[in-house]
Amino acid sequence: MNDRPHSPIQDPRVNAVIARLQGARQRPPGGGPRGGFNSRDPHAYAEQGFSIHPEQGELIYLLCRGLRATRVAEFATSVGMSTLYFAAALRDNGGGTVIGSEIVPAKVETARRNLTEAGLAGYAEIREGDARKTLRDLGGPVDFVLIDGWPGEGGPSLAREVIEIVAPQLRNGGYVMNDNAEPDYLDFIRDPKNGFVSMTLPLKGGTELSLKVK
């Protein structure tokens, strides 16, 4: 009897890479940038992939299939776990591009290798650098945005800064998913004047899913 949760992705090559990444998931001593580890420098975590969980990825896949998405964006790519779900959905929709942003060069290379191994490299464009610059021009309206980036110290969070950059580029009827529940991000996305309706999902301790309505 197979008790593994059923995945909507039917491609065994993609599922094999996802399973490998999930099996290798690790966190540094102290839990990472929000724990006791003494560095907030993302380059200090070049060997760790801070990634969404499979249930979040499967929801991304289903929503992108339903939207018939062809252009999506993410902050941050890390080792490419979320990119795999996006790219699989775009491929199964008939084509498109995931525009990812990742500031750590080693992770950019790892993500590209993972996409190649899954047969999805042709559906992703990973831009190396600060997402506040790399995602400023997405080349046209996007259908879905994932904001799962680095928690900052003081001032506005990176999530808040990035959503303000990408929100005008998201089409009406498009979705945004946020993984870290930064308070100032939630203030923005839950304020009706910014054009979204939003809810918190019981995934990975609280995942905010928002729909752009105007």
Side-chain angles (χ1 to χ4, degrees), residues 31-35 40-42 45 50-53 55-64 66-67 69-78 81-83 85-86 89 97-104 107 125-214:
R34 285 185 163 173
R40 289 281 183 139
D41 179 1
Y45 301 90
F50 299 106
S51 302
I52 62 168
H53 287 187
E55 60 268 27
Q56 295 169 299
E58 289 166 1
L59 179 58
I60 285 171
Y61 176 87
L62 286 174
L63 290 173
C64 285
L67 287 169
T70 59
R71 181 182 297 272
V72 301
E74 61 175 12
F75 161 64
T77 295
S78 188
M81 175 75 95
S82 53
T83 325
Y85 288 100
F86 275 126
T97 303
V98 188
I99 300 170
S101 181
E102 174 55 53
I103 201 168
V104 180
K107 289 186 176 181
E125 173 192 337
I126 303 174
R127 300 176 179 178
E128 184 179 321
D130 187 324
R132 292 167 294 186
K133 297 177 181 178
T134 60
L135 300 183
R136 192 161 293 279
D137 181 3
L138 297 174
V142 294
D143 302 294
F144 201 117
V145 177
L146 172 67
I147 296 184
D148 181 25
W150 198 251
E153 288 186 289
S157 69
L158 288 172
R160 174 62 181 260
E161 292 183 285
V162 172
I163 188 59
E164 291 184 357
I165 290 166
V166 300
Q169 303 180 75
L170 181 69
R171 72 170 175 87
N172 288 344
Y175 287 99
V176 183
M177 182 182 286
N178 168 258
D179 186 51
N180 293 320
E182 294 89 344
D184 60 348
Y185 172 91
L186 296 179
D187 288 343
F188 177 90
I189 209 74
R190 292 174 178 175
D191 187 338
K193 78 173 185 292
N194 292 320
F196 292 89
V197 291
S198 192
M199 68 180 295
T200 304
L201 303 175
L203 301 175
K204 199 184 174 186
T207 297
E208 196 76 5
L209 182 66
S210 311
L211 173 70
K212 186 174 181 179
V213 294
K214 65 179 180 179

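Shown here for L67 and G173, the closest heavy-atom pair between the two residues is CD2-O, 3.4 Å. Closest non-hydrogen pair, A159 versus N178, comes out as CB-ND2, 4.2 Å. Residue T77 comes nearest to G100 through the heavy atom pair OG1-CA, 3.3 Å, listed as atom of the first residue, atom of the second, then distance. Across L186 and A181, no two heavy atoms sit closer than the pair CD1-O, 3.9 Å. The two residues I163 and P168 make their nearest non-hydrogen contact at O-CD, 4.5 Å. Nearest heavy-atom pair, C64 versus A89, reported as atom, atom and distance to 0.1 Å: CB-CB, 3.7 Å.
In terms of modelled atom types and a separation under 3.5 Å, the side chain of D184 and the main chain of S157 share a donor-acceptor contact. Side chain of R71 to main chain of L138: a donor-acceptor pair is present (N/O by atom type, distance under 3.5 Å, no hydrogens or angles). Checked by atom type and distance alone, the side chain of Q169 pairs as donor or acceptor with a backbone atom of L135 at under 3.5 Å. Side-chain atoms of K212 come within 3.5 Å of backbone N or O of L170 as a donor-acceptor pair. With hydrogens and angles ignored, the 3.5 Å screen pairs no side-chain donor or acceptor of T200 with any backbone N or O of E208. Side-chain atoms of E125 never come within 3.5 Å of backbone atoms of I99 as a donor-acceptor pair (strictly under, hydrogens ignored). N180 places no side-chain N or O within donor-acceptor distance of the main-chain N or O of E182, the cut-off being under 3.5 Å. Within the 3.5 Å criterion, the main-chain N or O of E74 finds no donor-acceptor partner in the side chain of D148.
Within the 4.5 Å cutoff, no side-chain heavy atoms of Y175 are placed close to those of L59. Side-chain atoms of T207 and I52, non-hydrogen and from C-beta on, never get closer than 4.5 Å to each other. Side-chain contact between L63 and I60 is absent, with no heavy atoms from C-beta onward closer than 4.5 Å. Within the 4.5 Å cutoff, the side chain of L203 has no heavy atoms near those of the E58 side chain. Between M199 and L201 the shortest side-chain heavy-atom distance falls below 4.5 Å. The closest side-chain heavy-atom distance from L146 to F86 is below 4.5 Å.
Atom-to-atom distance recorded for K214:NZ and K193:NZ is 10.5 Å, nearest 0.5 angstrom. With rounding to the nearest 0.5 Å, the separation of OG in S198 from CD1 in I189 is 6.0 Å. For the atom pair OG (S101) and CZ (R127), the distance works out to 8.5 Å, reported to the nearest 0.5 Å. Distance check: S51 OG to Q56 CD gives 10.0 Å after rounding to the nearest 0.5 Å. For the atom pair Y85 OH and L62 CG, the distance stands at 11.0 Å (nearest 0.5 Å).
Ring geometry, F188 versus F196: the interplanar angle falls from 30° to 60°, so the pair is classed tilted.
We find that E161 and R132 are joined by a salt bridge, their nearest charged nitrogen and carboxylate oxygen being less than 4.0 Å apart. Ion pair D143/R171 flagged as a salt bridge, since at least one NZ, NE, NH1 or NH2 atom sits closer than 4.0 Å to an Asp/Glu carboxylate oxygen.
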Between F75 and I165, does a side chain to side chain contact (heavy atoms under 4.5 Å, CB included) hold up when you go through it step by step?
CA-CA 12 Å; F75 161 64; I165 290 166; over 6 Å; no

Give the C-alpha distance, both sets of side-chain angles, the deciding distance and a yes or no for side chain to side chain contact (heavy atoms under 4.5 Å, CB included) between D179 and M177.
CA-CA 7 Å; D179 186 51; M177 182 182 286; over 6 Å; no

